[in-house]
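Here the structure comes first, spelled out in structure tokens, and everything after it is commentary.
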Amino acid sequence: MKTAANITIDQNGKLSVPDHVIIPFIEGDGIGPDIWHATRLVLDSAVECTFRGERKIEWKELDAGEKGYEKTGKWLPEESLEAIRQHVVAIKGPLTTPVGKGIRSLNVAIRQVLDLYACVRPVKYISGVPSPMKRPENINMVIFRENTEDLYAGIEWQAGSPEAEKLAAFLRDEMDASLPEGAGIGIKPISAKNTKRLMASAIVYARDNGYPSVTIMHKGNIMKFTEGAFAAWGYEAAREQFGDLTITESEVYEKHNGKAPEGKIVIKDRIADMLFQQVLLRPEEFGVIATPNLNGDYISDALAAQIGGLGMAPGANIGDQCAVFEATHGTAPKYAGLDKVNPSSLILSGAMMLDYMGWDKAAELIRQSLEKTVKSGLVTYDLARQIDNSSTLSCSDFGKAIVDNISNCRQE
Ligand code: NAP
């Protein structure tokens, strides 16, 4: 085995992954340590079983969150951010948002500082997981949520503050806007550049992973110059950068009798509120969904519920120069240290990370073994309360049960 080395990335975004690779991790706060320990065991075991010692991950811990603050006096040390840049790929547990410490959210800060502009959240049903849907097997969507702008940009002022009053006066006096007295004010920036790069990454993902459509989710009927512009720029990006690969839904109906030509990715758009309805009634009509930040936040959790809840939904924040894979849920403080919660979200995020590195055989082994574990009725409390005759395992025992199935695959 060669000595451990970093992943590198070239100008075109192509990764070079050494066989013995160093990957940084942030354990996270609250339930973070519990789910990380289970995840690490599963990832190491899948890599070992798949590559028989030819490939290996050396983990490198980074400081952040409460643990980082205790050690360094900083919630998000610059050294940790720099290490993610250097190592290109990292994985993290959930981080507490420090209340009243001048930091809006550590997670949002990581995404913005590292310019991880696409929040990618696959929502695919795993057989055996309890779901409120009649036919959950029809759910196979991937959300591309813009991560760097929209109302998440953090440009807002409290009602009654001198800044809010000053801005309100400017809007009333110079822009002829009508504002209620004493309103809090937030700004919603949405730009062509950031929309187009998000849309391009969604189309590339659809192409590389065989999804037939990219749906632009927006509220452009009301917010014409932000959400409406997002939709218009999304179509523009498809036309300008992927003209040969894509076709709009209207063209499909106008020129092809409603049937998309072979090999073309259909670009369509849906108003946000209507999409919430359609993903429940006709989920099979949607593949990749590209959307601004706030819509993406809402639809991610709603779709996660359709496949068994937040504990089952993986996620990644991906930019042109680095990527951070993370559980979609928070720190669930009431379960901290109880070894109780479901580690699947972080485990499946780890599998996404292996896919991203090109170690997809190990990723597939993880998904199969997790499915096998759930199907055999061995689950954590959140799934056990929905499955009759299941056995409730602790977080660590659930991780070990997946590892047992990984090891069995090796013998089969
Ligand atoms: P949360 O931590 O996601 O937990 C809400 C509920 O979701 C839990 O009480 C639990 O439901 C369920 N849940 C979450 N993770 C689970 C898991 N692994 N297994 C099973 N069930 C799980 O949301 P929150 O309580 O609103 O947020 C707590 C803190 O996390 C806040 O400081 C917030 O800022 C932060 N946060 C961080 C991230 C991130 O790091 N990316 C994301 C969101 C929130 P039951 O009570 O029904 O069992």
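Counting starts at 1 for both ligands and their atoms, following the listed order.
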Atoms of ligand 1 under 4.0 Å from any heavy atom of Lys92, numbered from 1 in the order shown, are 40 (O)
So for ligand 1, is His329 a polar contact partner (N or O within less than 3.5 Å, distance only)? yes
Asp297 and Tyr152: side-chain donor and acceptor closer than 3.5 Å? yes
Per-atom contacts of ligand 1 with Arg385, taking only distances under 4.0 Å to non-hydrogen atoms: 45 (P), 47 (O), 48 (O)
Judging by distance only, is a nitrogen or oxygen of Gly330 under 3.5 angstrom from one on ligand 1? yes
Ligand 1 atoms nearer than 4.0 angstrom to some heavy atom of Asn107 are 37 (C), 38 (C), 39 (C), 40 (O), 41 (N)
For atom 30 (O) of ligand 1, state which one of Leu383, Thr331, Leu346 supplies the nearest heavy atom. Thr331
Check: Ile143 and Leu303 side chains under 4.5 Å, non-hydrogen atoms: yes
For Tyr335, is at least one N or O under 3.5 Å away from an N or O on ligand 1? yes
Would you find a donor on one side and an acceptor on the other, under 3.5 Å apart, between the side chain of Glu163 and the backbone of Lys166? no
Is atom 35 (C) of ligand 1 touching the protein, meaning some protein heavy atom lies under 4.0 Å away? yes
Check each atom of ligand 1 against the heavy atoms of Thr97 and keep those under 4.0 Å away; list them by number with element. 32 (O), 34 (O)
Under 3.5 Å, is there a donor on one side chain and an acceptor on the other for His218 and Asp269? yes
Val279 side chain near Gln306 side chain, heavy-atom distance below 4.5 Å: yes
Within the protein, is there a heavy atom lying under 4.0 Å from atom 6 (C) of ligand 1? no
Protein non-hydrogen atom below 4.0 angstrom of atom 12 (C) of ligand 1 present: no
Strictly by modelled atom types, are Tyr335 and Asp34 linked by a side-chain donor-acceptor pair under 3.5 Å? no
Is there a donor in the side chain of Asp29 and an acceptor in the side chain of Thr96, or the other way round, less than 3.5 Å apart? yes
Flag: protein heavy atom within less than 4.0 Å of atom 2 (O) of ligand 1: yes
If we number the atoms of ligand 1 from 1 as shown, the ones under 4.0 Å from a heavy atom of Asp382 are 20 (C)
Between His329 and Ile31, is there a side-chain heavy-atom distance shorter than 4.5 Å? yes
Between Phe276 and Tyr298, does the ring centre distance come in under 6.0 Å? no
Of the listed options (Pro333, Ala313, Ala304), which comes nearest to atom 25 (O) of ligand 1 when hydrogens are ignored and any heavy atom counts? Pro333
Please identify which atoms of ligand 1 are closer than 4.0 Å to at least one heavy atom of Leu95. 35 (C), 37 (C), 40 (O)
Are there protein heavy-atom neighbours of atom 19 (N) of ligand 1 below 4.0 Å? yes
